[in-house]
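Please read these numbers as outputs of a predicted model, since none were measured by experiment.
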Amino acid sequence: MVQSEKLPSSPGSASRRSFVKGLGAAGVVLPVLAILPRWGFAEDVAGVYANAAMDWKQFAGQTITLAGAIHPWSNAITPLLWDFTKLTGISVVTDFRLETAYLGALPIQLARGSSTPDVFMFTTYGQGISKGWLEPLNAYYSDRSLTDLGWYDESDLLKTARAFPLWRDGERYACPITSEAVTLFINGDALAARNLRVPQTFDELLATANAIKTNEMSGIAMRAQAGGNSSVAAMSFVFSYGGDMVKDNKAAFASPEAIAAVEMYGRLLSQAGPSGVSGYEWYHVLDDFLQRKTAMAIDSSNFATDISNPAKSHVARQAVFAAFPHVAGRTSVPFMSHWQACINSRSRNKRAAFLFLLWATSKPTSMRTAAAGLATARVSAWSSEGFKKAFGAQAAEAALTNLQNADVDRAKAILFHPQSRPILDAFMIGVNEVVSGAKPAKIAMTNAAEKANAAIRG
């Protein structure tokens, strides 16, 4: 195998200088990083919010329902909800479910015209807008009785987070609540035992995965379940091979580039993946890596919170976080996304719901969720010592590198498409067929694109 970069000396080896440089490369202006506010838990939390020129109590007595997936964001925000109620007088009822179940049930609930949930985590932006499920938010941001834009400080948002919610007409229908990019995770001890280095290209990744697999440990684990929710890693391969998911309002994954990408994806998992990988979702991938059942994994950068936690992870000390691989001669283009929170267009408590979004994505709240390891959409939170300690400095730097290399427009082209769910489902059915050996990549992806385009045509 061609040797590439050396293993970092430790998961915490990233320097502050290189980390801040990564923030700037991601499109963030940091003129005076040193004077960013540092909110501590000993400080009166309510006092920080009182600095906003707005009445937090104007909707006291109302109750809103918050729905979402069981996810790092829901885990981080839930312990703070009582503080929101104390600040505003607004009660919050939560409905968090396993991600696959949540994403399946929410469109049905919204399509029925339900007034709840009032606020919900969302990914299929185009579908929600075209169906009229999402409340437009620009007017709320410009309402001075609801929003103090100076206090909220949108310039503190990562560049991708500022661009991601914008619809083609400049309207916003969501607030970004997390930042993530597909990342390579490695058990450093497994590589060191074979005197191998971090793979940089896909060919190196395949060679490494085959070299380090054992009877007890697979070489690599990635999602392969036949459903759109499992698509993030496979889309990263497609983008990095030069392909697109959607182009000119057509499914584009029957292109030579996409076929080559899916063929490599199938080779990796069929040759070096775990048994039963064709049924793998994100939690299977994470669990295998935490339990030392796989030497490498590719998935969301948000896995770092669990991977770096010794109470959950058997690889907390030897985990290595790396840039997503690339094709020789090409730049890596990992899939990136911001989970977003939206307001139900039929909600009876829209203004209270917006106040919740403002609070949940504000600087002080983001600093607190970041201290729990959440990768928020804010520069101040990413640069905080609490976040780097909980998430891991090296993990944060790898995530920023992958965010920097990502193509926001290519990600939005599929996520914001009105038929994103059937397109993604068709794509992953094809990927699953390749991984399981049922069909070669060319046939599987040609069939998948035909199904997706039929859904687009209606």
Original post:
Should the ring pair Phe164 and Phe416 be called parallel, tilted or perpendicular, given that the plane angle runs from 0 to 90° and is split at 30 and 60?
Top reply: perpendicular

**OP:** Decide yes or no on side-chain contact (heavy atoms from CB on, under 4.5 Å) for Phe59 and Asn349, but give the supporting numbers first.
**Re:** CA-CA 9 Å; Phe59 308 114; Asn349 306 294; over 6 Å; no

Original post:
Hey, are the side chains of Ser337 and Leu415 touching, using non-hydrogen atoms and a 4.5 Å cut-off?
Top reply: yes

Subject >> Non-neighbouring partners of Asp407 that pass salt bridge (Lys or Arg N to Asp or Glu O under 4.0 Å), sequence neighbours left out >> reply: Arg410

Subject >> Qualifying ring-ring contact (aromatic ring centres under 6.0 Å, His included) pairs, either residue in residues 291-320, two or more places apart >> reply: Phe185-Phe303

Subject >> Thr183-Asn402 side chain donor-acceptor pair, cut-off 3.5 Å >> reply: yes

Only distances under 3.5 Å count here; give the side-chain donor-acceptor pairs of residues 120-128 to other protein atoms, sequence neighbours excluded, each with its distance to 0.1 Å.
{"residue": "Thr124", "atom": "OG1", "partner": "Gln127", "partner atom": "OE1", "Å": "3.1"}
{"residue": "Tyr125", "atom": "OH", "partner": "Pro165", "partner atom": "O", "Å": "2.5"}
{"residue": "Tyr125", "atom": "OH", "partner": "Tyr173", "partner atom": "N", "Å": "2.8"}

Original post:
Got a donor-acceptor contact below 3.5 angstrom from the Thr147 side chain to the Leu149 backbone?
Top reply: no

Report all side-chain donor-acceptor pairs from residues 351-358 shorter than 3.5 Å, counting only partners two or more places apart or in another chain.
{"residue": "Arg351", "atom": "NH1", "partner": "Asp143", "partner atom": "OD2", "Å": "3.1"}
{"residue": "Arg351", "atom": "NH2", "partner": "Ser145", "partner atom": "OG", "Å": "3.3"}

Original post:
Is there a donor-acceptor pair closer than 3.5 Å between any side-chain N or O of Arg368 and the backbone N or O of Leu80?
Top reply: no

Subject >> All pairs passing side-chain hydrogen bond (donor to acceptor under 3.5 Å, both in side chains) where residues 61-78 contributes a residue, at least two apart >> reply: His71-Trp339

Original post:
Which residues pass the ring pair (Phe, Tyr, Trp, His ring centres under 6.0 Å) test with Trp282, sequence neighbours left out?
Top reply: none

**OP:** Please name all residues satisfying ring pair (Phe, Tyr, Trp, His ring centres under 6.0 Å) with Tyr280, sequence neighbours left out, ordered by chain then number.
**Re:** His284

Subject >> Residue pair Gln58, Leu146: steps toward the side-chain contact (heavy atoms from CB on, under 4.5 Å) verdict >> reply: CA-CA 9 Å; Gln58 59 187 299; Leu146 274 177; 4.3 Å; yes

Subject >> Pairs involving residues 221-231, ordered by first then second residue, that meet salt bridge (charged side-chain N to carboxylate O under 4.0 Å, His left out) (sequence neighbours left out) >> reply: Arg223-Glu281, Arg223-Asp299

**OP:** Run the numbers on Arg168 and Lys412 for side-chain contact (heavy atoms from CB on, under 4.5 Å), then give the verdict.
**Re:** CA-CA 11 Å; Arg168 59 179 66 97; Lys412 287 175 69 171; over 6 Å; no

Original post:
Quick one: which of Lys159, Lys363, Arg172, Arg378 gives a salt bridge (Lys or Arg N to Asp or Glu O under 4.0 Å) with Glu154?
Top reply: Arg172

Original post:
Do you know which two heavy atoms are closest between Thr305 and Gly373, and how far apart they sit?
Top reply: OG1-O, 2.8 Å

Original post:
How would you list, by chain and number, every residue that makes a ring pair (Phe, Tyr, Trp, His ring centres under 6.0 Å) with Phe239, sequence neighbours excluded?
Top reply: none

Subject >> N/O donor-acceptor pair under 3.5 Å between Ser301 side chain and Ala181 backbone >> reply: yes

Original post:
Is the number of heavy atoms from other residues, nucleotides or ligands under 6.0 Å of Lys293 NZ greater than 12?
Top reply: no

Original post:
Is the Phe237 ring parallel, tilted or perpendicular to the Tyr265 ring (thresholds 30°, 60°)?
Top reply: perpendicular

Original post:
Who pairs with Trp82 by side-chain contact (heavy atoms from CB on, under 4.5 Å), at least two apart in sequence or on another chain?
Top reply: Thr85, Lys86

**OP:** Not counting sequence neighbours, which residues clear ring pair (Phe, Tyr, Trp, His ring centres under 6.0 Å) with Trp133? List them please.
**Re:** none

Original post:
Among all residues two or more places apart in sequence or in another chain, which pass the side-chain contact (heavy atoms from CB on, under 4.5 Å) test with Ala295?
Top reply: Ala190, Ile212, Met217

